Amino acid sequence: QVQLVESGGGLVQAGGSLRLSCAASERTFSNYFMGWFRQAPGKEREFVSGVSWNGDSTAYADSVKGRFTISRDNAKNTLYLQMNSLKPEDTAVYYCAAKYQRYSGGDYLNSRSYDAWGLGTQVTVSS
C-alpha cells in the first residue's frame, strides 16, 4: 500500500496563502487518482479537490473553486494543493488520499472510495 505524507500546513491570517504537499512512497503514484479532503472539528470529512493520474482532469468543491489549485508532479511522486485567499472556514486537518486507478470513476466525492490516506496536516486560518 502506498504511504502518503502531507506537509505544508500551519497558521496563516485570513487572505493569506499556503501550499500543501503530499509525498507518496511509490512510483505507482503516477497511476493513481489523487484527492485532498479536510475535516474540521465536529464535522465530517469533506472533499476539497481531486486530480487524475496525468493531471488532465481536476475537480473542486464549490467552497474552494477559484481559490485553491491542485497539481501533481509524477516525477517527484508529489501532490500539491495551492491555497490562496484563505478564510477562517478553511481551518481543518487536510488529508491527501489515493485511488488505485487513473480516473475517479465519478465518485471522487466519496471518501470511502479511496484506497490509501495520509495522516493529515493542520491548517489554521485566523481572522
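Note that this is a predicted model, so its numbers are computed, not measured.
- In plain terms, the two heavy atoms of A92 and A40 that are nearest each other are CB-N, 3.8 Å.
- Pairing each heavy atom of L11 with each of S126, the nearest pair is CD1-CB, 4.4 Å.
- Considering only residues two or more places apart in sequence or on other chains, E46 meets the salt bridge (charged side-chain N to carboxylate O under 4.0 Å, His left out) condition with R38.
- Listed for the S52 side chain is a donor-acceptor partner under 3.5 Å among the backbone atoms of S57.
- The OG atom of S127 lies 10.0 Å from the CD atom of E89; values are rounded to the nearest 0.5 Å.
- Criterion: ILVMFWY side-chain heavy atoms under 4.5 Å apart, direct or through other members. Under it, W36 and F47 are not part of a common hydrophobic cluster.
- For Y103 and D56, the side-chain atoms include at least one donor-acceptor pair closer than 3.5 Å.
- Looking only at distances, no side-chain donor or acceptor of T91 sits under 3.5 Å from a matching main-chain atom of T124.
- Of the inter-residue distances, the one linking L20 atom CG with F68 atom CZ reads 8.0 Å to the nearest 0.5 angstrom.
- Rounding to the nearest 0.5 Å gives a distance of 7.5 Å between OG of S30 and CZ of R72.
- Under a hydrophobic clustering in which Ile, Leu, Val, Met, Phe, Trp and Tyr are joined whenever their side-chain heavy atoms come within less than 4.5 Å, directly or via other members, F29 and F33 fall into different clusters.
- Between A24 and L4, the shortest heavy-atom contact is CB-CD2, 3.8 Å.
- Residues S49 and A59 come closest through the heavy atom pair OG-O, 2.9 Å.
- Contact between S17 and S85 at its shortest, heavy atoms only, is OG-N, 4.3 Å.
- With sequence neighbours excluded, the residues satisfying side chain to side chain contact (heavy atoms under 4.5 Å, CB included) with S111 are F37, W117.
- R45 CZ to R112 CZ: the interatomic distance, rounded to the nearest 0.5 Å, is 11.0 Å.
- Note that CZ of R27 and CG of N74 are 9.5 Å apart. Values are rounded to the nearest 0.5 Å.
- Side chain of Y94 to backbone of Q39: no donor-acceptor contact under 3.5 angstrom is found.
- If you chain together hydrophobic residues whose side chains sit under 4.5 Å apart, L86 and Y95 never meet in one group.
- Within the 3.5 Å criterion, the main-chain N or O of Q122 finds no donor-acceptor partner in the side chain of E6.
- Comment: K87 does not engage D90 in a salt bridge, judged by the lack of any side-chain N to carboxylate O separation of less than 4.0 angstrom.
- One hydrophobic cluster, built from ILVMFWY side chains closer than 4.5 Å, holds both V64 and V12.
- Y100 and Y32 have their aromatic ring centers within a separation under 6.0 angstrom.
- Cation-pi contact between R67 and Y60: absent, since separation from the ring centre below 6.0 Å together with deviation from the ring axis within 45° is not met.
- For the residue pair S104/K99, the side-chain donor-acceptor check at 3.5 Å is not satisfied.
- Both V2 and V51 sit in one connected hydrophobic cluster of ILVMFWY residues. Membership requires side-chain heavy atoms under 4.5 Å apart, directly or through other members.
- Closest approach of N110 and S113 over heavy atoms only: O-OG, 2.7 Å.
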Contacts table for residues 75-83: side-chain donor-acceptor under 3.5 angstrom, sequence neighbours left out:
from, atom 1, to, atom 2, distance (Å)
T78, OG1, K76, O, 2.8
Q82, NE2, N84, OD1, 2.9

